[in-house]
Q: 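Here it is, the structure in full.
So you know, we letter chains A, B, ... as the sequences are listed, proteins then strands, and number each from 1.
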Amino acid sequence: MTPDFSRVHRFHGGIQPPEHKQISTTMPLQAAALPDRVVLPLQQSSGLMAQAVVSVGDYVYRGQCIAQVKTLEGQSSALGAAVHASISGHVSELATLPVPHPGGLQSPCIVIESDGLDLPVPDHVQRQDDWQDLEAEQLLATIGAAGIVGLGGAGFPTHTKLAGGFAQDTRLLLINAAECEPYITADDMLLRQRSAALIEGIQVLVHLLEPEHVVIGIEDNKSEAIACLRAAIDDDSCIQLVVVPTRYPSGGEKQLIQLVSGLEVPSGKRPIDIGVVCQNVGTVVAVADAVIRHQPLIERVVTVTGDALAQPRNFYVRLGTSIEHVLTQAGLRPQQLQRLIMGGPMMGFALTDLSLPVVKTTNCLLAGSNEALGAPGEEMPCIRCGECEAVCPAQLLPQQLYWFSAHQQYQKAASFDLWDCIECGACAYVCPSDIPLVQYYRHAKDELRVLTDEAQKAEQARQRFEARQARLTRQAEEKAAKRAARAAKAQQIQSASKATAASQPKATSDDSLSSNATPPLSESASTSSISPSLRSSQQHKIALAAAQVALKRADKQLAAAKARREEDVTALEAKVEQAREKLKALQNVSDTLSDTVSASVTPATPVTAKASGSSTPAVSASLKQLKITRAAALSAVKKAEKGLLNLQRATDATAEQLDAQKARLAGAQEQFEAAEKALQKAQLATEPTQESNS
Amino acid sequence: MLSLFAAPHSHVPRRMPQVMRQVMFAMLPGIIGLTIAFGPGILVNLLLSMVTALLTEAWILRLRHRPVGKTLTDGSAVVTGMLLAVALPAIAPWWIPVLGTFFAVAVTKQLFGGLGQNPFNPAMAAYAFLLISFPLEMSLWPQPFEWHIAGFSWYETADAVTGATPLDAFRHKGMLTAEEFWQQPQLLSPDMVLAWEWVALGWALGGVWLLWQRVIHWQAPVGMLSALSLLAAFFYGVDPSHYASPWFHWVSGATLLSAFFIVTDPVSGATSRLGQCFFGIGVGILVYVIRTWGNYPDAVAFAVLLMNFAAPTIDYYTRPRVHGHRKAQRGLKQKDSAP
């Protein structure tokens, strides 16, 4: 699909809640008074948490980097954002403190006590290099080092997003100035004051991404900001200003893309997958400040509004400033403060603690009364009125999603495209039954994540188990093969030094060792690689080797006992004698064998099997032939029996037929018996040979 | 003390009790029309139905250990009672609305789990129940504009003051052609037709107001009325001497009442806008079929109940295309999607 900028497109649904924007635009955008103390959470973006690079007691300057994100292996840049000191002073604390979060989480923070001087980094020399000469990687590194995140509220690390846009082909750079949430005017006021900086930032991004189109999307309720933008955009500039109708959630990334270009971000994909990079106005200005003016992100514009404030307005607020400090400057009326919301009324989250810090994603502080905001009513049953469906910007069926989520049918909810829900809250806003729909969807998503996690873990465990089983089997096989090889080697050595072994009688042995311990080993060795007919010879060989070992050990024991002058030497000597006799008997058997079939003996292991075994095939082939004959005869018998049985069962079979069949059966049985006898004879003839193999 | 609520933190002011009040308000023109035409019996029926609805709902909620006060004030039970009452003949005996409403609230609604859970439209299910059980009481309507002459004897089911509804009369015209039928005032008095026209106008007024207030949406009424009109126009065009005109179908019986107040019931109908359109079309077709070739004085109740059966299936086949998806996922087969 190609983007179409000729007209403003529309997205499905949407709502038009009361805007309440004018109350915070009457006073100009100014810097809030500096705080005495800032609390800077180490995690202010999605991705990894930054690691503190300062210690308690350190003096830090304004703009000094105090926490950095480690770049993971295999990644070009870190997914996360660095944190900078927003005031100068001493680090007083590195502690886990409450941070703004819907769940009231605590997170590691750096606390800086101000020295009141607000000194910038002293060695902060203006770099000589012009940003236009910078390579893309350097530019991205500069933006990353400035700790910039998406200031619209999502908090995604900007350099990561831009790196994605740089790596792929960016067709459209979309600047999001829609600011569709009620009450919030931060971007509006920023544009009124700093639209030139926005254009600079866009130029930096254009330099980096080289997009085909640059579009600023803004809602039509910001006439003053639009006028400022028009003035700032040169006539020959390639920047296009698209004014979209005021309709929540036009500022949603997917919705704004659809509004200005007609493109839809495919489900489960990111905007860059269709060649779009979307950046918030505040973020672009922060990029300009970082790249052109070398200022990291230490402050942001915050809309401070609501009916609990005497002077609702917008402030430049240093990051880490306490909410109370900001609200006080806007004329907080504590008796009217019943609700405190960070973010807008649609997607923001409620807070109960005024001491929490302002963070990079704080675009609005809404301090109001229950009367103004309206306490939600009690949840009533869904009557499937379909209002939610009519307003859903993702064109989902919210009532069905609610039904499945509320009844724990999470997979079903997923099959109704739960993951395409952007949690804008339009459905819950219009629900006549006051059902907190977004909460249900979030819960269902959490449950699905847990399910997926568990499934993944189970799959990993299964793979681990299977790999372990395979490894164990392999090791056992290797061990068995080694053992067999060792045994064969020992046998060879033994047969070579047989004469010497016989002429030099030695010490004692231990019966249990030689007779009991070896068979299982030879068993396991033989099953893996050796044919059954050779098993007995191999067992014999291994028994021989074991007997030798036992003899040697007994010999040693005897020697040791002799050395210690113990009394039971005679008993040990008797044992040694016994072992030697046993060994001799075994050797005798193998001697006769090696005399008769010395060349044809097939030793136990595959290693030696290659070297020997040329005449056995003749013997085994005839044996095989006999076996085959016997099997054929047996099957003939079976067949005849079956035929007879069938005939007997059949009602219309004649006596002649039966007799013929019986005769056939008798013949087959005779044949089988003859074959059986021949086979037995042959086996008897070959067996001694096999037994004497070792 | 700061309170914690989940997003969104603001809410559209209109809530369910208000929606129900708007529906009740929109019924006023129709009720006035019925009262003028058929006498205050309608009002008595309304009163009986509303009281029975509230009592039944309260009783069953108590049995189910559910909060009584909160649910009663949502107004849904009262609306159910009212919708049934305006469909009943004005001179029906007192126990007809009482029994019907009890059936609607207790069996059709609460036994299935209460508000939002009922697969069938409670008022129409109760109407069908009454029509099958008590066909005589359900088909006797008083002569229009004569209730004041008969005094306040509206509770007496005297043959002298009753007459067939236009639909009933037309069906029983026998071998007469339509022209002959219309020339026989004793079969169907012009007053009767006029009365029903006025009532239909009342429902239409209320329905248009509901549309304007965005309480209901156009898909279901338009679907139903257009399907009914097209079928009626086709058969009327083919054989005007045996089939009634589209206009006749519009103004007689409960056509407009159901178009604006019954097929728009969100609970038992299809859920997506497209689905509502199909739901309305289905009702329209069935209404025409049952009216023309069926054996009941009116067909709306059965048509709606049959389409209630079909609603879940319609929902599966009318899912909208979700943002970012190439095409809509439709049909009964479910595809699992991963996060």
Side-chain angles (χ1 to χ4, degrees), chain A residues 11-12 15 17 182 254 258 264-267 269 337-341 345-352 366 370 373-378 380-386 389-390 393-397 399-400 411-412 414-415 417 419-420 425 428-430 432-434 436 438-439 445 448-449 452, chain B residues 1-20 67 70-71 73-74 76 113-118 214-217 219 264-273 275-276 311 315-316 318-326 328-329 333-339:
Chain A
F11 62 91
H12 181 264
I15 52 173
K254 291 177 174 182
Q258 190 173 14
E264 285 184 22
V265 181
S267 175
K269 297 279 180 72
L337 181 67
Q338 285 152 340
R339 306 268 286 276
L340 175 63
I341 296 158
M346 299 304 297
M347 291 182 79
F349 52 91
L351 299 173
T352 52
L366 176 53
N370 278 332
L373 287 167
E378 214 174 328
M380 292 171 82
C382 170
I383 54 168
R384 310 208 309 150
C385 63
E389 184 200 338
Q395 211 166 353
L396 296 162
L397 293 174
Q399 70 275 49
Q400 300 294 97
Q411 295 293 350
K412 196 99 194 229
S415 78
D417 306 310
W419 293 103
D420 289 299
Y429 175 81
V430 297
S433 292
D434 274 308
V438 182
Q439 298 309 105
K445 285 181 181 174
L448 280 169
R449 280 188 201 108
T452 320
Chain B
M1 186 59 212
L2 288 166
S3 38
L4 276 173
F5 293 114
H9 302 277
S10 67
H11 197 281
V12 78
R14 185 159 76 193
R15 298 203 154 84
M16 192 157 52
Q18 195 200 341
V19 172
M20 294 297 173
K70 191 188 103 192
T71 313
T73 49
D74 69 21
S76 62
L115 181 62
Q117 312 280 323
N118 48 300
R214 295 179 160 274
V215 173
I216 60 172
H217 302 275
Q219 282 86 352
T264 51
D265 170 30
V267 177
S268 55
T271 183
S272 66
R273 295 281 183 263
Q276 287 168 2
D315 283 344
Y316 275 113
T318 52
R319 282 171 62 183
R321 184 188 66 86
V322 176
H323 181 103
H325 288 249
R326 266 194 314 115
Q329 212 190 102
K333 251 185 157 179
Q334 291 302 306
K335 177 190 78 150
D336 283 337
S337 62

Q: Just jot down the side-chain hydrogen bond (donor to acceptor under 3.5 Å, both in side chains) partners of B:H9, sequence neighbours excluded, or say none.
A: none
Q: Does any heavy atom of chain B fall under 4.5 Å from the side chain of A:P182, the backbone, both, or neither of them?
A: neither
Q: Could you check which of A:M347, A:E378, A:K269 has the highest count of heavy-atom pairs closer than 4.5 Å to chain B?
A: A:E378
Q: Please look at A:P436 and chain B and tell me whether the side chain, the backbone, both or neither of the residue comes under 4.5 angstrom of a heavy atom of that chain.
A: neither
Q: Provide the closest heavy-atom pair for B:G324 versus A:E264 in the form atom of the first, atom of the second, distance.
A: N-OE1, 2.6 Å
Q: Is there a donor-acceptor pair under 3.5 Å between the side chain of B:R321 and the backbone N or O of A:Q395?
A: no
Q: On a heavy-atom basis, which atom in B:P8 and which in A:V438 lie closest, and how many Å separate them?
A: CD-CG2, 4.5 Å
Q: Heavy-atom cut-off 4.5 Å, strictly under: side chain, backbone, both or neither for B:Q117 against chain A?
A: side chain
Q: Taking A:K445, A:H12, A:K254 one by one, which has the highest count of heavy-atom pairs under 4.5 Å against chain B?
A: A:K254
Q: Among B:D315, B:N118, B:V322, which has the most heavy-atom pairs under 4.5 Å with chain A?
A: B:V322
Q: Select one option (side chain, backbone, both, neither) describing which atoms of A:L351 are under 4.5 Å from chain B's heavy atoms.
A: backbone
Q: Measuring from B:R319:CZ to A:D417:CG, what's the distance to the nearest 0.5 Å?
A: 6.0 Å
Q: Picking from A:I341, A:N370, A:I15, A:L340, which has the most non-hydrogen pairs under 4.5 angstrom with chain B?
A: A:I341
Q: For A:S267, which residues count as a side-chain hydrogen bond (donor to acceptor under 3.5 Å, both in side chains) partner, sequence neighbours excluded?
A: A:D420, B:H325
Q: Side chain, backbone, both or neither: which part of A:F349 has a heavy atom under 4.5 Å from chain B?
A: backbone
Q: As an exercise, state the distance from OG1 of B:T271 to CD of A:E389, rounded to the nearest 0.5 Å.
A: 5.5 Å
Q: Look at A:C382, A:S433, A:P17 and state which one has the largest set of heavy-atom pairs under 4.5 Å with chain B.
A: A:C382
Q: Using a 3.5 Å distance criterion without hydrogens, assess whether the side chain of B:R273 forms a donor-acceptor pair with backbone atoms of A:G386.
A: yes
Q: Report which part of A:L397 has an atom under 4.5 Å of a heavy atom belonging to chain B: side chain, backbone, both, or neither.
A: side chain
